[in-house]
Structure formats: structure tokens, C-alpha cells
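Below you'll find the structure, written out as C-alpha cells, and then a few comments.
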Number of protein chains: 2
Amino acid sequence: MSTYERSCKIRGDGGRAIRGILDRIGDKWTLLVVATLDGPPLRFSELQSRIPGISQRMLTRTVRHLERDGLVSRTVYAEVPPRVQYELTATGRTLIEPAVALADWAIDHNPEIERSQATYDTGTA
Amino acid sequence: MSTYERSCKIRGDGGRAIRGILDRIGDKWTLLVVATLDGPPLRFSELQSRIPGISQRMLTRTVRHLERDGLVSRTVYAEVPPRVQYELTATGRTLIEPAVALADWAIDHNPEIERSQATYDTGTA
DNA sequence: CAGAATCCATGTAGATACTG
DNA sequence: CAGTATCTACATGGATTCTG
């Protein structure tokens, strides 16, 4: 299959599928949370300490969205003090692969892109 | 390589690489423009007519960003009326593959995700 | 035709303070 | 510990108007 044919997957239904997933994972923290949860279950504070810069509010929102989408499971243990564990679901794990593909692309092409930006900016400025 | 090892690619430098690419392609139109340009060169108006809902301003901004990143080339023909053609660069084409992988994931898992959301919402509401 | 410029609505994210 | 609530700042995106 050529990339031309494959790119129809992106435009497909007017871009609904792509838009849907980018709305889900395109924000500032979601993919980082998913990647951080690729491994043993973590509790809230562990998650927060492993994701430098994320605020409580943003972590809460992000895991809630992921839970709603069925990509992360949230288990509350009825203890005092409370303990809540987060874990990727089977579906959530399947997201790792395409996400890594994207990260690979980013790592591979970043130098090139930054050079292009520098050229563009000096030429325009 | 396990997904666990691979997911380090995402968290890598504290998520810089992923953040960089999501800032680039995570917006509303970029991937749609890239996918639409996977094929013969198109002029501004052609591009706009093939991407339902995009405004002039957003198309202009999006192609400018892509040009700055070196993913799209912009060729101005000195004619009256003006003609401008857009085309994916070689680098731009390499983005198609991981983007399609993501679109595939979205298409595959959308039904499941929507079911999860429905369950979550009724349970919470 | 292909945009540039301006204005405005909305959403996203962060800081801060409080609580079961 | 694991949140919730509130407020605010900023970025994103859209509509409209104007132009080389």
C-alpha cells in the first residue's frame, strides 16, 4: 500500500478519527502519563513525582480522562490514608506502540526540523 | 524490545521529544493538511476546498508552520493572479507513516473507547 | 488568488487554597 | 494521601474585513 493510499486513513471521515485521538492524546500530559504507566501500577503521588512539572489538578484531570476512555484503570483501596492505584488497561497498552512510533519520528527528525526553523527565521527576520 | 523499554522513548528527556511533535501536529488542522498534501502539489484554494471547515486564516497559519518546520514547501509563481503551490517535502512524507499508525489505532479502538465513555458517564451521572 | 490584519469567544493549563 | 474548588493568564481558533 502506498503512503498515498494510506494517508486516506487520516483524512478518512473528514478527519474525525485523527481529530478524536489528537483531542485525547494531543494535550500536554496525556502521553507522558500513559508512558509513565507502562509498567507496574502506580499511585497518585508516585505518578506525580515521576512526571516533573505536572500539577495535581492536571494529573487528576488527565487520569480521569484516561479512565473515562478506558485506557487506564483506577483502583481505590478503602484505607486510611487513602490509596489509589493507576494502571494501563489492555487497550491502554496498545496505544504505546503508535505513540512510540511518533516519538521515534520526533527524535529522528528534530535536528533537521530545528535547522529548518533557524533558516526560516533568519530568512524571514 | 518490550513496550516497557520502548516507552522510555516517550518519557526520554522528560518528554521533550513528544511534546515537541505534539505541539507541531497536535493542533486541529496540521495532520489533515499533511495528509491532504500526500499526493500532487496543491494550491491554496485547492487545499482549502479539500479540507472541509478550515478557515483561510487557519490554513495560512498551518502551512506557514509546516513550511517553517521544513515539512511542506511553498512555491510562489510570479503571475497575475498569484499562484502558490504547496507540496510535502521528503521529510514531510516521512511523517505520514507514524501518523497513519496513529489513525489506524484510532479507527480500531474508537468503538471500544466510546463504549467506555458511555459506561463511565452513566455510572458517574 | 492568496493572503494579512483585527477582533473576539472559548478552552487549556497553572497557582493557590481547602477537604474527606 | 488524593483529591476538589476557584480564579486567572494565555494560547487556539474562528469571523470579518481589507489588499497586492
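Naming: A, B, ... by sequence-line order, numbering from 1 per chain.
The phosphate of dA13(C) (OP1 or OP2) has no side-chain N or O of Arg19(B) nearer than 4.0 angstrom. Arg64(B) has a side-chain polar atom (N or O) that falls below the 4.0 Å cut-off from OP1 or OP2 of dA4(C). Distances shown here put a side-chain N or O of Ser45(B) below 4.0 Å from the OP1 or OP2 atom of dA2(C).
As judged by a 4.0 angstrom heavy-atom cut-off over every strand, Tyr86(A) is placed among residues touching the sugar-phosphate backbone only.
The separation between Arg57(A) atom CZ and dT16(C) atom P is 14 Å, rounded to whole Å. Atom CD1 in Ile54(B) sits about 8 Å away from atom P in dG14(D), given to the nearest Å. To the nearest angstrom, P of dT10(C) lies 13 Å from NZ of Lys28(B). At whole-Å resolution of the value, CD in Gln56(B) and C1' in dC18(D) are 11 Å apart. Following rounding to the nearest Å, Tyr77(A) (OH) and dA2(D) (C1') show an atom-to-atom distance of 15 Å.
The Met58(B) side chain lies nearest to dG13(D) when the options are dG20(C), dG13(D), dA17(C). When the nucleotides dG14(D), dG3(C), dG3(D) are ranked by their closest atom to the side chain of Phe44(B), dG3(C) comes out on top. Closest contact between the side chain of Asp27(A) and the listed nucleotides dA13(C), dG20(C), dC1(C) involves dA13(C). Closest to the side chain of Trp29(B), from the set dC1(C), dG14(D), dG3(D), is dG14(D).
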